[in-house]
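In this text the structure is predicted, and so the values were computed from the model without any measurement. Atom set for the values below is all heavy atoms of this structure, side chains included, hydrogens, waters and symmetry mates excluded.
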Amino acid sequence: MLFLKKDPPPHLAHVVRHFWIVENPDPAVFRQKIVPDGYGEIILHYGDPYRIQLNDTWETQDRILLSGQIRRHFYLENTGISAMLGIKLMPAAIYALFPSDMSALTDNVVPLSTITDLIPPAILQQKVLDAEERIQLAQNWLEPLIANLNFNEVSRIADVADVIIEKKGLINIESLASNANITRRHLEREFKKIIGLTPKYFARIVQFNFIFEAMQARDNSWVDIALNSGYFDQSHFIHSFKAFTGESPSQYGFDTQNLANFFLRKDDF
């Protein structure tokens with residue numbers, strides 16, 4: 001099984017967090033939980049499609065998808081051989097690329113063709129490419145789109161999102177608005193339109209994500225992890241973890257090789 005992340009070149013770093021590839025030749029059905037990570041993405045299946053359960057029903061996904069911000073966990077399962085390319089996008093990048101109210105995409109994964117006619121080239125779905133070739137072709141497709149991108153409309157909100165990430169979610173929303181020289185209400189309205197979440201909820205997700213970084217240290221107790229992640233106490237930490245994953249930290253399989261852990265870990269498996 002292949003899990004691979006690759007950082008973008010510097011000229012794409014304001015739009016792309018990283019490229020990723022997951023391949024598994026075993027067609028046995030494996031149900032996986034996906035948890036929020038604060039980033040939307042473009043996903044291309046060059047293997048068999050996946051099924052998704054966002055609410056109560058299962059649906060077969062399109063082969064080229066756009067995922068918005070996710071507020072809660074959901075489930076995926078393969079229908080055969082898994083082979084996926086993902087472009088994990090910076091929080092304001094989807095709006096910059098395909099301008100529309102991102103709150104309509106929150107908790108949703110849709111065919112990219114319903115948002116734009118700027119679809120990745122068919123060659124990306126060929127099975128003969130190796131991982132590096134596939135990522136390079138995805139980068140080649142993105143570069144002219146980004147070269148013509150006017151980032152001015154989203155730059156202030158993108159900067160606010162960057163500060164929230166830098167501070168690991170531990171920041172006062174009033175101070176964010178003050179530093180951006182706008183009112184809190186205006187910040188919340190623009191942030192939800194451009195990112196898809198309120199800044200407070202986005203900060204909660206960012207804080208939750210830091211747990212996975214803290215877990216990789218291995219020598220910390222739950223109390224230490226809770227405090228290092230900025231939670232008031234262990235009870236608050238457990239409540240937040242359950243809200244995003246549906247499980248307590250002691251039940252969650254941090255070492256399991258699955259998509260959720262792959263997206264949240266700072267390293268590959």
Side-chain angles (χ1 to χ4, degrees), residues 14-17 33-42 52 54-55 65-74 87-110 114-115 150-214 226 229-233 235-247 260 263-264:
H14 64 301
V15 174
V16 178
R17 187 189 184 207
K33 180 184 294 183
I34 305 296
V35 298
D37 68 359
Y39 299 88
E41 58 192 333
I42 296 168
I52 186 170
L54 281 170
N55 298 302
L65 303 162
L66 180 65
S67 173
Q69 289 285 349
I70 303 299
R71 294 178 295 182
R72 59 184 183 272
H73 66 274
F74 65 92
I87 306 171
K88 189 78 72 171
L89 296 165
M90 296 301 288
I94 295 179
Y95 184 93
L97 286 164
F98 317 119
S100 61
D101 190 333
M102 287 297 103
S103 63
L105 197 58
T106 300
D107 293 327
N108 216 343
V109 182
V110 302
T114 64
I115 304 296
N150 182 355
F151 222 74
N152 292 335
E153 183 181 356
V154 304
S155 61
R156 179 158 56 180
I157 298 302
D159 289 345
V160 170
D162 287 345
V163 171
I164 293 173
I165 294 168
E166 179 186 348
K167 300 294 184 182
K168 298 181 171 64
L170 305 178
I171 193 163
N172 180 274
I173 305 304
E174 291 288 356
S175 66
L176 281 173
S178 177
N179 291 338
N181 198 30
I182 54 178
T183 66
R184 175 169 179 157
R185 179 172 295 183
H186 183 62
L187 171 63
E188 289 175 340
R189 183 170 61 250
E190 287 298 294
F191 203 94
K192 191 170 184 179
K193 180 181 79 171
I194 291 172
I195 306 293
L197 302 167
T198 65
K200 183 176 181 179
Y201 205 98
F202 181 74
R204 282 185 59 201
I205 292 174
V206 171
Q207 184 183 13
F208 159 73
N209 286 187
F210 183 65
I211 296 168
F212 288 77
E213 183 177 335
S229 303
Y231 292 97
F232 299 126
D233 52 37
S235 175
H236 183 216
F237 161 69
I238 292 172
H239 181 269
S240 179
F241 194 91
K242 280 185 174 179
F244 288 121
T245 68
E247 301 176 71
F263 294 146
L264 289 167

query: Salt bridge check: are Arg156 and Glu190 linked by an N-O gap of less than 4.0 Å?
result: no
- prompt: Between atom NZ of Lys193 and atom CD1 of Ile157, what is the distance when rounded to the nearest 0.5 Å?
  reply: 9.0 Å
query: Rounded to the nearest 0.5 Å, how far does OG of Ser67 lie from CD1 of Ile52?
result: 7.5 Å
- prompt: Less than 4.5 Å apart, any side-chain heavy atom of Ile115 and any of Val110?
  reply: yes
- prompt: What heavy-atom pair brings Ile94 and Gly40 nearest, and what distance separates the two atoms?
  reply: CD1-CA, 3.8 Å
- prompt: Can you tell me how far NZ of Lys33 sits from CZ of Phe74, rounded to the nearest 0.5 angstrom?
  reply: 12.0 Å
Under 3.5 Å, which donor-acceptor pairs do the side chains of residues 194-204 form with other protein atoms, sequence neighbours left out?
unit_1, atom_1, unit_2, atom_2, d
Thr198, OG1, Tyr201, N, 3.1
Tyr201, OH, Arg71, O, 3.0

task: Measure from NZ or CZ of Lys88 to the centre of the six-membered ring of Phe263 and say whether it is under 6.0 Å with the direction within 45° of the ring axis.
output: yes
For Leu66 against Ile42, the heavy-atom pair lying closest together: CD1-CG1, 3.9 Å
query: Do Ser100 and Met102 pass the side chain to side chain contact (heavy atoms under 4.5 Å, CB included) test, and can you show the C-alpha distance, the side-chain angles, and the key distance before you say yes or no?
result: CA-CA 6 Å; Ser100 61; Met102 287 297 103; 3.5 Å; yes
Which atom of Ala96 lies closest to which atom of Val154, heavy atoms considered: CB-CG2, 4.1 Å
- prompt: Going through the distances and angles, do Tyr39 and Ile165 end up as a side chain to side chain contact (heavy atoms under 4.5 Å, CB included)?
  reply: CA-CA 11 Å; Tyr39 299 88; Ile165 294 168; 3.5 Å; yes
- prompt: Does the ring center of His73 lie less than 6.0 Å from the ring center of Phe244?
  reply: no
- request: Check whether any side-chain heavy atom of Leu176 lies under 4.5 Å from a side-chain heavy atom of Ile171, and answer yes or no.
  value: yes
task: Nearest 0.5 Å please: distance from the CG atom of Leu105 over to the CZ atom of Phe98.
output: 10.5 Å
field: side chain to side chain contact (heavy atoms under 4.5 Å, CB included) evaluation trace for Ile34 with Ile70
entry: CA-CA 9 Å; Ile34 305 296; Ile70 303 299; 6.0 Å; no
message: Under the rule for side-chain hydrogen bond (donor to acceptor under 3.5 Å, both in side chains), what residues qualify as partners of Thr106, not counting sequence neighbours?
response: none
message: So which atom in Val109 and which in Leu65 form the shortest heavy-atom distance, rounded to 0.1 Å?
response: CG1-CB, 4.0 Å
query: So, for Val160 and Ala180, which heavy atoms are closest and what is the spacing to 0.1 Å?
result: CG2-CB, 4.1 Å
message: Restricting to side-chain hydrogen bond (donor to acceptor under 3.5 Å, both in side chains), what partner residues turn up for Asn181, sequence neighbours left out?
response: none
task: Please report the C-alpha distance between Phe208 and Thr245 in whole Å, then the side-chain angles of each, then the deciding distance to 0.1 Å, and finally whether the side chain to side chain contact (heavy atoms under 4.5 Å, CB included) criterion is met.
output: CA-CA 10 Å; Phe208 159 73; Thr245 68; 3.6 Å; yes
- prompt: Do we see a donor-acceptor contact under 3.5 Å between the side chains of Asp101 and Ser103?
  reply: yes
field: With sequence neighbours excluded, residues passing side-chain hydrogen bond (donor to acceptor under 3.5 Å, both in side chains) with His186
entry: Arg189
- request: Not counting sequence neighbours, list each pair that qualifies as a salt bridge (charged side-chain N to carboxylate O under 4.0 Å, His left out) and has a residue in residues 162-176.
  value: Glu174-Arg184
- prompt: Which pairs count as ring pair (Phe, Tyr, Trp, His ring centres under 6.0 Å) when at least one residue sits in residues 155-175, sequence neighbours excluded?
  reply: none
query: For the atom pair CG (Leu97) and CG (Leu89), what is the distance rounded to the nearest 0.5 Å?
result: 6.5 Å
field: N/O donor-acceptor pair under 3.5 Å between Gln207 side chain and Gly230 backbone
entry: yes
- prompt: Are Leu170 and Tyr231 close enough that some pair of their side-chain heavy atoms sits under 4.5 Å apart?
  reply: no
message: Checking side-chain polar atoms at under 3.5 Å, does Tyr95 have a donor or acceptor matched by the opposite partner on Glu153?
response: yes
task: Give a yes or no on whether the backbone of Asn172 and the side-chain of Ser175 come within a donor-acceptor separation of less than 3.5 Å.
output: yes
- prompt: Looking only at heavy atoms, what is the nearest atom pair of Val15 and Ala93, with distance?
  reply: O-CB, 3.5 Å
